[in-house]
Number of protein chains: 2
Amino acid sequence: MPPYDPSAYPPFAVTVDLVVLTVRRHALCTLIVKRGEPPFQGRWALPGGFVREGEDLGAAAARELIEETGLRAHDPGDPPPVPGNGAHLEQLATYGAPDRDPRMRVVSVAHLALAPDLPAPRAGGDANSARWATVGELLGEDGPVGGEGATGGGTEGEGGPGGGAEPLAFDHAQILADGVERARSKIEYSSLATAFCPPEFTVGELRRVYEAVWGVALDPRNFHRKVTGTPGFLVPAGGTTTRQGGRPAQLFRAGGATLLNPPMLRPEV
Amino acid sequence: MPPYDPSAYPPFAVTVDLVVLTVRRHALCTLIVKRGEPPFQGRWALPGGFVREGEDLGAAAARELIEETGLRAHDPGDPPPVPGNGAHLEQLATYGAPDRDPRMRVVSVAHLALAPDLPAPRAGGDANSARWATVGELLGEDGPVGGEGATGGGTEGEGGPGGGAEPLAFDHAQILADGVERARSKIEYSSLATAFCPPEFTVGELRRVYEAVWGVALDPRNFHRKVTGTPGFLVPAGGTTTRQGGRPAQLFRAGGATLLNPPMLRPEV
DNA sequence: CGTGTTTATCGTCAGGGAGACGACTATGAT
DNA sequence: ATCATAGTCGTCTCCCTGACGATAAACACG
């Protein structure tokens, strides 16, 4: 290696971008914000921002998450003290193609956040510049889960009605795709799907999370056997609820186990 | 978000660090280089260097890999045209703690490379400033595989004889640990273990790779049944070899499958 | 040249987990 | 009362895995 040369330290800007996933109305959704300035002004993008001096990467991601959603992140290591409105946050990957930002050389450390369903997004006070979009809408994955699927309801807000919407700014479509794939694969072998649920939830609610993230229908009986039979996955919370209609369901809380062995199997094809 | 402020773009240096793993003498080994200048002068570290202007992150990692080992990286996407001396290379994670480099703010995008056994390391022409070290030696994992284990042989070179050696520079011990864990988990559900093997290899050689990476002993009969029974994992290469002694073994080549379903199960406990 | 050693490869058998699906329970809606 | 909806328990079969016996084909010795 030649001796160090000052010209060997080209300056970079470092940002964090967030793939914030949640499950809303049986569909996997992600938070997007409307860009207020060039480049890509007026286009939708993943939330994010510059890493500050003296700020750790994970801290920058957690700060952005709070700014955009109010969610407090908890580290993957320690179990969430109050799983209430905390989100799982982990590093996803880093994107640094030389031309990914026309202004300057920017390296973005993307993070993945999994959050329970939230009332409404807030974008630093600006209301309609942030929204939840279904992943299928952004990535062109057309394939509803079962009957009505993701395009149901009626208050779909803006965006294209049927087909794919305008693509995300920068390389954010790729980042989103990577984040979704990470989430889809990680709920297979970890208990991370509970991060999409409120502090107390039923087996059916957890199953609907899996169905929304994977985009498949699961057998309620086999799912129930699997999750209740995996030690440490779920612990009974005591009560029951009937908020889904039908027979009251037992309430559970996320157990201490983080790795599922054997894993949940995503149905093939 | 407040309007953009030039002070919000603190300058960073961006580097790539490499966790190059291989299997040598039944032990999982990684490439380390001796630092020639401060900080951590004289200490061992992972190979790496600064990302150049206009250079992609993956390209920088591939360039460093060639500089340090002569190995050409092939992307995970396309199958290696000639699996000869090509290495698997993928992004691992990014490390950017504010104080990880005392000189300046440095964000390092670590990459993981898996390579077949190589004759000898070369460090940009400097011979004895690079070496293969066993992962157990660097991370303090003491637990030989079966009989003699990793500390066998005699030409162990420099470094501490028995116990743990001097810790790696910077946060490279953490990076190495993360890379090893990635490799250990990824050979479970992918055919990546073949990246440790020469272009043609036997089932026994592949089994010894698994044993070295996981640090366990596997049943040869069940392993043989598993890998030969998984479609697309191995394709017969035609010949046989006896380079391991004993009955001649059939030669195989890595098949097209990249994901193993069901996965190879790492024995617990 | 036989014997032991080493490695490869084929078979067998029992146990566990998962998919498919039947049956029953408990609530609200009509 | 009846139906629709959801939850929960059981059963059955198939496949995979782990444990392990047995055979095959090379080499190293005497």
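On a predicted model such as this, the values are computed, not experimentally measured, just so you know. Chain naming here is simple, since letters A, B, ... match the order of the sequence lines and numbering starts at 1 in each.
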For the base of [N], is there a side-chain donor-acceptor partner from [X] under 3.5 Å away?
X	N	result
B/R247	C/dA8	yes
A/R221	D/dG10	no
A/R225	C/dG17	no

Atom [atom1] of [X] and atom [atom2] of [N]: how far apart are they, to the nearest Å?
X	N	atom1	atom2	answer
B/H224	D/dT17	NE2	P	15 Å
A/D219	D/dT11	CG	P	17 Å
B/N261	C/dG17	CG	C1'	14 Å
A/L206	D/dA6	CG	P	17 Å
A/L218	C/dG19	CG	P	9 Å
A/N222	C/dG16	CG	P	18 Å
A/R207	D/dG7	CZ	C1'	9 Å
B/Q250	C/dT7	CD	P	19 Å

Min side-chain heavy-atom separation B/L218-B/V216 under 4.5 Å: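 Contact flag for B/L218/B/V216 side chains = yes.
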
Within-4.5 Å side-chain heavy-atom neighbours: A/F201 and A/P116: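 No. Closest side-chain heavy atoms not under 4.5 Å.
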
Derivation of the side chain to side chain contact (heavy atoms under 4.5 Å, CB included) call for A/C29 and A/T22: CA-CA 5 Å; A/C29 294; A/T22 193; 4.2 Å; yes

Stacked cation flag B/R131 on B/W44, 6.0 angstrom / 45 deg: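 Yes, a cation-pi geometry holds between B/R131 and B/W44.
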
Any B/R208 side-chain N or O less than 4.0 Å from OP1/OP2 of C/dA8: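 Yes, B/R208 has a side-chain N/O under 4.0 Å of OP1/OP2 on C/dA8.
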
Nucleotide nearest B/P248 (side chain, heavy atoms from C-beta), chosen from D/dA26, C/dA18, C/dT9: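 Nearest to the side chain of B/P248 among the choices is D/dA26.
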
Which nucleotide in D/dT17, C/dA26, C/dT9 has an atom nearest any side-chain atom of B/K226: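 Looking only at side-chain atoms, B/K226 lies closest to D/dT17.
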
Pairwise 5' ranking along DNA chain D for A/P220 and B/G246, keeping only the more 5' one: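 Here A/P220 is the residue nearer the 5' end.
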
Check: B/Y210 ring centre within less than 6.0 Å of B/F223 ring centre: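 Centroid distance B/Y210-B/F223: below 6.0 Å, so yes.
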
Sugar-phosphate, base or nothing in reach of A/R243, heavy atoms under 4.0 Å: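 No contact.
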
